[in-house]
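Below you'll find the structure, written out as structure tokens, and then a few comments.
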Amino acid sequence: MNRLQLYFRLIRLDKPIGILLLLWPTLWALWMASNGKPDWTLVAIFTLGTVLMRSAGCAINDYADRDFDKHVQRTVERPVTSGKIKPYEAVLVALVLALVSFALIWPLNTLTKQLSIAAVIIAATYPYFKRFFAIPQAYLGIAFGFGIPMSFAAVQNTVPAAAWLLLVANIFWAVAYDTEYAMVDREDDLKLGMKTSAITFGSYDVVIVMFCYAVTLGIIGVIGWQFGLRIWFVAGLLLAVACAIYHYTLIRDRGRAGCFAAFRHNNWLGAAIFGGVALDYLLR
């Protein structure tokens, strides 16, 4: 495997699900903040920025977890922990990607740039929360949802209460889907003494995942109604509810394959919400 392929794997461009889970909330926010008419330059900036920051986050995560990943079945062959890429290379890759991402938003207003600094700090510190925080998935939800306040800031030069509430919805969504992800590695994480929501929730994991889905969709429903979104938005929301119910059928037995499939399927839940938002604005 050549160096380019190794870097490609380091930043997970071969596994775009993480990019999509970051992108959908950002797009929800861009469409709501602009009343369904986002500046396409902003859409391009935030889309590319999402790819870059998720990639940087993967690199710094692999650096932070290099001594743990070798003991986890799913991650043992990652480039850093397998020794194919040096730890300092991962840090340099993360730094370069973060700087390029910041350069993208340089033309935007000051508030957006200030929020981007907070976003970088949150993304860089997330891997270390697994050492001591019982539900690091909640912190991940902040990291994965910080495109929401940034989008509102870029469009409106302010961050209204609805944007922060949408971020709260994203936190609950991240707890749901990343708990499904953590259920795959639960046995390995227990041996390593790692903190994950799958371990913290114990036998209540499935119930709490479904509760988090309910809270997520309930909050998004209220926000959409406040923004004047109606029939197509409700249709998208109902489709998202159907996705959540399908996820229950995948995780109720707690099998690794089913839990991982449910995690990956969250792309469609996020897409359903965005489709409802975008169509409702478009077809008015």
Side-chain angles (χ1 to χ4, degrees), residues 1-19 21-22 51-101 118-144 146 171 174-202 205 254-257 259-260 262-264:
M1 189 176 295
N2 62 40
R3 302 301 291 175
L4 186 60
Q5 289 174 312
L6 286 171
Y7 286 130
F8 193 83
R9 284 185 55 205
L10 172 69
I11 60 177
R12 311 279 205 285
L13 289 182
D14 58 329
K15 297 177 180 178
I17 180 63
I19 294 171
L21 293 176
L22 264 166
V51 174
L52 291 170
M53 283 308 300
R54 187 263 182 168
S55 298
C58 289
I60 202 66
N61 183 80
D62 281 12
Y63 168 79
D65 286 352
R66 62 192 184 279
D67 293 327
F68 295 96
D69 283 347
K70 64 182 68 175
H71 302 290
V72 179
Q73 177 183 337
R74 184 180 49 81
T75 60
V76 69
E77 288 301 323
R78 283 180 175 173
V80 177
T81 195
S82 64
K84 296 169 185 172
I85 285 180
K86 300 295 183 184
Y88 78 86
E89 293 179 82
V91 175
L92 286 176
V93 167
L95 181 60
V96 169
L97 292 173
L99 289 174
V100 174
S101 181
V120 169
I121 294 171
I122 293 168
T125 54
Y126 162 70
Y128 298 96
F129 264 64
K130 292 179 284 187
R131 310 289 194 272
F132 63 89
F133 191 47
I135 309 177
Q137 284 71 17
Y139 196 68
L140 178 73
I142 299 173
F144 268 39
F146 222 73
I171 293 171
V175 171
Y177 66 65
D178 208 54
T179 297
E180 293 168 344
Y181 191 66
M183 288 165 73
V184 176
D185 296 333
R186 175 156 37 198
E187 293 179 9
D188 293 324
D189 289 335
L190 279 168
K191 294 174 184 176
L192 293 170
M194 299 290 280
K195 305 291 186 182
T196 74
S197 55
I199 293 171
T200 301
F201 297 155
D205 49 1
R254 298 179 176 85
R256 286 194 177 203
C259 291
F260 191 62
F263 162 73
R264 289 173 56 85

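Side chains are part of it too, since the values below use all heavy atoms of this structure and drop only hydrogens, waters and symmetry mates. Just so it is clear, the structure is predicted and the values come from calculations on it, not from any experiment.
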Please test Leu13 against Ile19 for side chain to side chain contact (heavy atoms under 4.5 Å, CB included), starting from the C-alpha separation and ending with a verdict. CA-CA 9 Å; Leu13 289 182; Ile19 294 171; 4.1 Å; yes
What's the shortest heavy-atom distance between Lys195 and Pro136, and which atoms? O-CG, 3.2 Å
I would like to know whether Tyr181 and Thr196 meet side chain to side chain donor-acceptor pair (under 3.5 Å); could you show each step before the answer? CA-CA 10 Å; Tyr181 191 66; Thr196 74; over 6 Å; no
Considering non-hydrogen atoms only, spot the tightest contact between Glu77 and Ser82 and give its length. O-OG, 3.9 Å
State, to 0.1 Å, how close Arg66 and Lys70 come at their nearest heavy-atom pair, and which atoms those are. O-CE, 3.7 Å
Any ion pair linking Arg12 and Asp62 (charged N to carboxylate O, less than 4.0 Å)? yes
Any chance you could lay out the salt bridge (Lys or Arg N to Asp or Glu O under 4.0 Å) test for Asp65 and Arg78, step after step, and finish with the verdict? CA-CA 10 Å; Asp65 286 352; Arg78 283 180 175 173; 5.5 Å; no
For the OG1 atom of Thr200 and the CZ atom of Phe133, what is their distance to the nearest 0.5 Å? 9.0 Å
With sequence neighbours excluded, what pairs up with Phe132 under the side chain to side chain contact (heavy atoms under 4.5 Å, CB included) test? Phe129
Using a 4.5 Å cut-off on heavy atoms from C-beta on, say whether the side chain of Asp14 contacts that of Gln5. no
When rounded to the nearest 0.5 angstrom, what is the spacing between CG in Leu97 and CD1 in Ile11? 5.5 Å
Say you draw a straight line from CG of Asp205 to SG of Cys259; how long is it, rounded to the nearest 0.5 Å? 7.5 Å
Rounded to the nearest 0.5 Å, how far does OG1 of Thr125 lie from CD1 of Ile60? 10.5 Å
Output the distance between atom CZ (Arg54) and atom CZ (Phe144), rounded to the nearest 0.5 Å. 6.5 Å
Are Val175 and Phe201 side-chain neighbours, meaning at least one heavy-atom pair lies under 4.5 Å? yes
Rounded distance (nearest 0.5 Å) linking atom CD of Gln137 with atom CD1 of Ile142: 12.5 Å
Quick one, Tyr63 and Val80 - any side-chain contact, counting heavy atoms below 4.5 Å? no
Does the side chain of Phe263 come within less than 4.5 Å of Met183's, by heavy atoms? no
Hey, does Leu190 have a side-chain heavy atom less than 4.5 Å from the side chain of Glu187? no
Should the heavy atoms of other residues, nucleotides or ligands under 6.0 Å from OH of Tyr126 be counted, would the total exceed 12? yes
Indicate the atoms forming the closest heavy-atom contact of Ala98 with Ala56, along with that distance. N-CB, 4.3 Å
Heavy-atom neighbours of Arg254 CZ exceed 12 at 6.0 Å: yes
Which atom of Ala124 lies closest to which atom of Pro127, heavy atoms considered: O-CD, 3.5 Å
